[in-house]
Amino acid sequence: MKSPIINADNLNVHYGSIHAIKGISFQVNEGEVVSLIGANGAGKTTTLRAISGLVPSSGKLYFQDQDLSKVPIFKRVELGIAQSPEGRGVFAQMSVQENLEMGAYSRKDKAGIKKDYEMCLELFPRLKERLWQMAGTMSGGEQQMLAISRALMSKPKILLLDEPSLGLAPLIVAQIFEIVKKLNQEGMTILLVEQNARMALKISHRAYVLETGKIVMQDSAANLLNNDEVRKSYLGI
Ligand code: ATP
């Protein structure tokens with residue numbers, strides 16, 4: 001049995017009076033792709049933000065054996081948690097190369113940084129062609145590729161991917177999912193949030209279904225793809 005990289009127990013997040021995450025418990029094990037699926041507002045993004053430290057949470061949250069409750073965002077990046085945010089959030093006024101360099105800001109191993117930089121350009125040849133283009137002028141798909149690459153430049157142990165397909169043409173979505181699958185095959189652990197539940201389940205080992213801040217179902221991705229309720233509510237079948 002693989003050891004958990006993320007272990008959450010009775011995790012809660014409040015935004016003022018809004019109780020967005022209501023005591024959820026979940027694990028992401030080493031080498032897995034785990035998806036969080038659910039309708040708009042179910043709490044998927046908030047769960048990722050709690051792990052990366054962008055919102056305060058209560059309850060137990062462990063990275064490997066380390067309690068994250070008092071670990072600030074930048075330390076979580078150093079530990080190996082990287083988030084590729086919804087809406088991509090690239091630095092619009094910086095070039096592709098500068099965005100990638102920013103992703104490695106917490107690292108000092110120059111040789112390792114260079115290796116990962118080359119790995120990202122190999123993974124996304126489109127970025128290699130556009131190293132000096134301002135990120136803000138790139139297409140949505142290209143910005144998504146850059147956001148994933150920037151997250152990879154921190155050499156994460158877990159990649160938190162928020163809505164990588166949002167607003168992209170089907171062909172680009174397919175390419176991005178292929179690359180996510182490939183990253184996992186090469187050993188990357190991934191927690192994926194996706195509206196496109198079918199695509200997400202197809203590349204996931206397991207998934208959790210969130211509804212208004214609670215986990216209402218959890219199973220292998222294969223079982224969820226065949227589950228009548230999931231098919232009706234989330235796969236449009
Ligand atoms: P979507 O797919 O629409 O992004 P989601 O499942 O990712 O949805 P969250 O963005 O995590 O859902 O939102 C969960 C709940 O928390 C929603 O009710 C949302 O309105 C609320 N919420 C999220 N961010 C904030 C915030 N900064 N302030 C107040 N409420 C928030």
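When a ligand or atom number is given, it counts from 1 through the structure's own listing order. Values below: all heavy atoms of this structure, side chains included; hydrogens, waters and symmetry mates excluded.
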Legend entry - Flag, side chain of Asn12 to backbone of Asn10, donor-acceptor distance under 3.5 Å: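 Indeed, once roles are kept as given, a pair shorter than 3.5 Å links the two residues.
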Inset, instruction - Could you tell me which non-hydrogen atom of Ile113 sits nearest to which non-hydrogen atom of Arg107, and how far apart they are? - result: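 Residues Ile113 and Arg107, closest heavy atoms: N-NH2, 3.5 Å.
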Inset, instruction - Please report the C-alpha distance between Ser165 and Asn196 in whole Å, then the side-chain angles of each, then the deciding distance to 0.1 Å, and finally whether the side chain to side chain donor-acceptor pair (under 3.5 Å) criterion is met. - result: CA-CA 7 Å; Ser165 80; Asn196 189 334; 4.6 Å; no
Inset, instruction - May I ask you to decide if the ring planes of Phe26 and Tyr208 are parallel, tilted or perpendicular, using 30° and 60° as cut-offs? - result: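 Perpendicular, since the angle between the ring planes exceeds 60°.
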N/O to N/O under 3.5 Å, ligand 1 against protein:
from: ligand 1; atom 1: 2 (O); to: Asn40; atom 2: ND2; distance (Å): 3.4
from: ligand 1; atom 1: 2 (O); to: Lys44; atom 2: NZ; distance (Å): 3.1
from: ligand 1; atom 1: 2 (O); to: Gln195; atom 2: NE2; distance (Å): 2.7
from: ligand 1; atom 1: 3 (O); to: Asn40; atom 2: ND2; distance (Å): 2.8
from: ligand 1; atom 1: 3 (O); to: Gly41; atom 2: N; distance (Å): 3.4
from: ligand 1; atom 1: 6 (O); to: Ala42; atom 2: N; distance (Å): 3.0
from: ligand 1; atom 1: 6 (O); to: Gly43; atom 2: N; distance (Å): 2.8
from: ligand 1; atom 1: 6 (O); to: Lys44; atom 2: N; distance (Å): 2.9
from: ligand 1; atom 1: 6 (O); to: Lys44; atom 2: NZ; distance (Å): 2.8
from: ligand 1; atom 1: 7 (O); to: Thr45; atom 2: N; distance (Å): 2.8
from: ligand 1; atom 1: 7 (O); to: Thr45; atom 2: OG1; distance (Å): 2.9
from: ligand 1; atom 1: 8 (O); to: Gly41; atom 2: N; distance (Å): 2.7
from: ligand 1; atom 1: 11 (O); to: Thr46; atom 2: N; distance (Å): 2.9
from: ligand 1; atom 1: 11 (O); to: Thr46; atom 2: OG1; distance (Å): 2.5
from: ligand 1; atom 1: 12 (O); to: Gly43; atom 2: N; distance (Å): 3.2

Legend entry - cation_pi(Arg150, Phe91) dist<6.0 Å, angle<=45: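 Yes, cation above the ring, under 6.0 Å and within 45°.
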Legend entry - Between Glu30 and Ser3: side-chain donor-acceptor atoms closer than 3.5 Å: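 The answer is yes; a qualifying pair exists.
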